[in-house]
Visitor: 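Pasting a structure here, questions to come.
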Protein chains: 2
Amino acid sequence: MGFALSQIGLETSRQFGEVMGTLGLEPRHFAVLHAVQRDEDQTQQAIGDLLAIPASTMVAIVDHLEGEGLIERRPHVSDRRARILHVTKRGETLLAEAMAEAMVQEARICVGLGANERAQLLALLARISLNLGVSSSALPDRGSGNRPQTI
Amino acid sequence: MGFALSQIGLETSRQFGEVMGTLGLEPRHFAVLHAVQRDEDQTQQAIGDLLAIPASTMVAIVDHLEGEGLIERRPHVSDRRARILHVTKRGETLLAEAMAEAMVQEARICVGLGANERAQLLALLARISLNLGVSSSALPDRGSGNRPQTI
DNA sequence: TATTGTTATACTCTATAACTATA
DNA sequence: TATAGTTATAGAGTATAACAATA
């Protein structure tokens with residue numbers, strides 16, 4: 001069981017990386033882009049903390065996303081040290097495409113499974129998650145959660 | 001679903017690494033040790049190919065295992081370039097302990113699941129594996145299989 | 001000339017610690 | 001003095017390519 005889970009998990013995340021690659025994104029870029037859209041107008045550090053990404057790594061990721069015109073760094077109204085992250089129109093568009101691709105992958109993973117089989121599997125996985133102590137927080141790829149981990 | 005699978009797989013393999021760590025093994029060491037026991041008296045390269053581990057990495061892993069007295073490099077009868085890998089008595093003992101620990105982890109993962117729920121989950125995961133194209137070959141941790149991958 | 005194992009090297013990735021500008 | 005973001009740096013990990021012995 002442990003072997004199957006780890007094998008499947010690795011392959012799932014590998015294929016997800018491939019899919020994102022077709023859109024010019026790495027999983028980390030997608031994760032940050034998604035988090036920035038969800039928690040609109042948060043500080044760069046706040047987003048980094050949320051995903052357990054160290055500050056110096058965040059710089060590189062945000063640099064990339066900003067270079068692609070997908071997000072903007074905006075000044076913080078009251079703290080001139082901080083930067084507010086904001087998804088651009090182009091970022092929203094790409095994120096929508098990325099989500100669509102993710103749905104396609106989702107469908108590919110579950111091909112041949114009926115609706116109740118899928119529900120059954122999800123329920124069993126939820127119990128496994130509890131046993132493993134993974135908190136169902138955060139975003140695609142990588143657990144982040146509460147452990148000292150990163151993207 | 002994809003997120004859950006990748007999250008669970010990552011955590012499973014992380015915890016497996018922790019468990020192996022208590023025995024002084026990294027997952028890669030366990031994988032090679034296990035493979036050497038299963039495919040007794042194979043060439044170092046043959047084992048490496050089996051696990052998709054590049055030759056130079058194999059050297060380091062086998063160095064470690066030999067340094068711990070868990071396996072031996074023996075001369076090949078007909079090819080003096082090649083080395084035959086052989087599990088020592090001590091290696092067998094440690095491997096048995098490692099397998100026992102793996103069983104404990106297995107039990108921890110499946111706590112609260114009845115026998116038929118476990119079977120159900122395994123069956124569903126097998127179908128997911130097919131959808132993902134993972135061949136159920138190889139050894140614990142990491143997919144290896146046929147893709148250009150490594151430990 | 002090709003192949004096994006080894007060594008050396010270059011590359012990527014990541015985190016730690018210094019640095020600046022603000023607070 | 002502490003903090004947000006940045007930059008520089010060092011460390012680990014991995015693969016690629018050169019190398020020696022043998023086929």
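By convention in this document, chain letters (A, B, ...) are assigned in the order of the sequence lines, proteins followed by strands, and residues within each chain are numbered from 1. Note that this is a predicted model, so its numbers are computed, not measured.
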Visitor: side-chain hydrogen bond (donor to acceptor under 3.5 Å, both in side chains) for A:Q105 and A:E101? Distances and angles first, verdict last.
Guide: CA-CA 6 Å; A:Q105 194 206 0; A:E101 285 295 336; over 6 Å; no
Visitor: Which nucleotide, C:dA8, D:dT6, C:dT4, lies nearest any side-chain atom of B:T43?
Guide: C:dT4
Visitor: Picking from A:R74, A:R90, A:R73, A:R83, what satisfies salt bridge (Lys or Arg N to Asp or Glu O under 4.0 Å) with A:E66?
Guide: A:R73
Visitor: From CZ of B:R74 over to C1' of C:dG5, roughly how many Å is that when rounded to an integer?
Guide: 19 Å
Visitor: Can you measure B:I47 atom CD1 to C:dT4 atom C1' for me and round it to whole angstrom units?
Guide: 15 Å
Visitor: OP1, OP2 of C:dT3 versus side-chain N and O of B:R80: anything below 4.0 Å?
Guide: no
Visitor: Considering only side-chain heavy atoms of A:R83, which listed nucleotide, C:dA15, D:dT16, D:dT6, is closest?
Guide: D:dT6
Visitor: Within the pair B:T57 and D:dA15, is there a side-chain N or O less than 4.0 Å away from OP1 or OP2?
Guide: yes
Visitor: Rounded off to whole Å, could you give me the NE2-to-P distance for the B:H64 and D:dG13 pair?
Guide: 12 Å
Visitor: Check every atom of C:dT22, D:dT22, D:dG5 against the side chain of A:D79 and return the nucleotide holding the closest atom.
Guide: C:dT22
Visitor: Reckon B:A82 touches a base, only the sugar-phosphate, or nothing at all at heavy-atom distances under 4.0 Å?
Guide: sugar-phosphate
Visitor: Calculate the interatomic distance between A:L50 atom CG and D:dA4 atom C1'; express it in whole Å.
Guide: 17 Å
Visitor: Are OP1 or OP2 of D:dA4 and a side-chain N or O of A:Q45 less than 4.0 angstrom apart?
Guide: yes
Visitor: What is the distance, to the nearest angstrom, from the CE atom on A:M58 to the P atom on C:dT16?
Guide: 17 Å
Visitor: With respect to the phosphate group of D:dT14, does any side-chain polar atom (N or O) of B:R28 fall under 4.0 Å of OP1 or OP2?
Guide: yes
Visitor: Whole Å only: how far is the CD1 atom of B:I61 from the C1' atom of D:dG13?
Guide: 12 Å
Visitor: Counting just side-chain N and O atoms, does A:R81 come under 4.0 Å of either OP1 or OP2 of C:dC19?
Guide: no
Visitor: How many Å lie between CG on A:D49 and P on C:dA15, as a whole number?
Guide: 13 Å
Visitor: Report the relative orientation of the aromatic rings in B:H64 and B:H29; use parallel for angles under 30°, tilted for 30 to 60°, perpendicular for over 60°.
Guide: parallel
Visitor: If you take atom types as modelled and just measure distance, does the side chain of A:S56 reach the base of C:dT16 with a donor-acceptor pair under 3.5 Å?
Guide: yes
Visitor: Consider side chain to side chain donor-acceptor pair (under 3.5 Å). Of A:E72, A:E40, A:Q37, which one does A:H86 pass it with?
Guide: A:E40
Visitor: Checking contacts here: which listed nucleotide (C:dA23, C:dG5, D:dT22) is nearest the side-chain heavy atoms of B:V59?
Guide: C:dG5
Visitor: Nearest whole Å is fine: how far is D:dT6 P from A:H76 NE2?
Guide: 15 Å
Visitor: Is a side-chain donor-acceptor pair under 3.5 Å present for B:Q15 with B:E11?
Guide: yes
